[in-house]
Structures are given as structure tokens and as C-alpha cells.
Amino acid sequence: EERMGSLGDLTGHPFGSPAGVCTDAAGGVIVADQRRRQVTLFRRAREPICLVSEGLRRPLGVACGPQGQLLVADAEDGDIKVYQSHLELD
């Protein structure tokens with residue numbers, strides 16, 4: 001299969017160590033970055049948005065809940081952190 005490109009190259013966003021990825025209901029791509037200790041939302045033709053940076057120690061996984069909640073697996077804390085809907089950012 002042919003590679004379509006890199007999210008970092010397409011957006012100019014420097015990743016530290018991307019560890020988890022998912023998509024949301026609007027088609028955005030959400031990335032948990034272990035080294036940068038943050039979760040970032042990438043929407044089509046828009047600047048990346050940092051959704052969470054405080055309180056994360058080692059985010060390794062990310063998922064979206066049925067009402068748009070953001071769930072982050074933090075391996076350092078041994079916890080799944082749940083955040084309010086990120087879909088209200090428009």
C-alpha cells in the first residue's frame with residue numbers, strides 16, 4: 001500500500017512520541033503524545049488544537065465517548081481520565 005502522508009508533515013506539528021490515536025464524530029484526528037504529555041486535535045484545514053496538557057504524565061491511549069467525551073489512558077497514573085465534550089470547540 002502507498003503511504004498517504006504524515007500528519008506531522010501535513011500540519012507542521014512537531015510530535016514528541018505519538019502513542020495513541022482515534023477519530024471523533026466530526027472526522028477529526030486526536031493524538032495522545034507521550035513525550036509532550038498532551039492530547040491534540042487535528043481538524044481538516046485548521047490549526048491543531050491542544051485539548052489536554054495539564055495533569056497528563058504519560059498518555060498512551062485516547063478514545064471518544066458516545067457524547068463526545070475524551071478518554072485518555074495515562075500509564076504513569078494507571079488511570080483512564082475522562083474529559084468533557086471537545087466537540088464544543090467550534
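Values below: all heavy atoms of this structure, side chains included; hydrogens, waters and symmetry mates excluded.
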task: Kindly work out whether a path of hydrophobic side-chain contacts (I/L/V/M/F/W/Y, heavy atoms less than 4.5 Å apart) joins I80 to V72.
output: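 Hydrophobic grouping puts I80 apart from V72.
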message: Hydrophobic clustering (ILVMFWY, side-chain heavy atoms < 4.5 Å, transitive) - are I49 and L70 grouped together?
response: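 Cluster IDs for L70 and I49 match.
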- prompt: Do side-chain atoms of R36 reach the backbone of P14 as a donor and acceptor pair under 3.5 angstrom?
  reply: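 Present.
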field: From I30 atom CD1 to L41 atom CG, the distance as rounded to the nearest 0.5 Å
entry: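 Answer for the CD1-CG pair, I30 versus L41, is 5.5 Å.
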task: Drop me the distance from S17's OG to Q34's CD, to the nearest 0.5 angstrom.
output: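 Spacing of OG (S17) from CD (Q34) equals 4.5 Å.
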- request: Apply the test side-chain contact (heavy atoms from CB on, under 4.5 Å) to residues V39 and C50: give CA-CA distance (whole Å), side-chain angles for both, the deciding distance (0.1 Å), then the verdict.
  value: CA-CA 6 Å; V39 175; C50 179; over 6 Å; no
query: Above 12 or not: heavy atoms from other molecules or residues under 6.0 Å from CZ of R37?
result: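 No, because the 6.0 Å sphere around CZ of R37 holds 12 heavy atoms or fewer from other groups.
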- request: Please collect all salt bridge (Lys or Arg N to Asp or Glu O under 4.0 Å) contacts where either partner lies in residues 70-79, sequence neighbours excluded, each pair once.
  value: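 For residues 70-79, and leaving out neighbouring residues, the salt bridge (Lys or Arg N to Asp or Glu O under 4.0 Å) pairs sorted by first residue read R57-E76, R57-D77, D74-K81, D77-K81.
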Considering non-hydrogen atoms only, spot the tightest contact between [X] and [Y] and give its length.
X	Y	value
P59	A19	O-CB, 3.8 Å
A63	C22	CA-SG, 3.7 Å
G65	L71	N-CD1, 3.5 Å

- prompt: Pairs in or reaching into residues 21-46: which pass ring pair (Phe, Tyr, Trp, His ring centres under 6.0 Å), with residues at least two apart or in two chains?
  reply: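 The answer is H13-F42, F15-F42.
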query: Passes side-chain contact (heavy atoms from CB on, under 4.5 Å), Q38 versus V52? Steps please.
result: CA-CA 5 Å; Q38 66 184 29; V52 183; over 6 Å; no
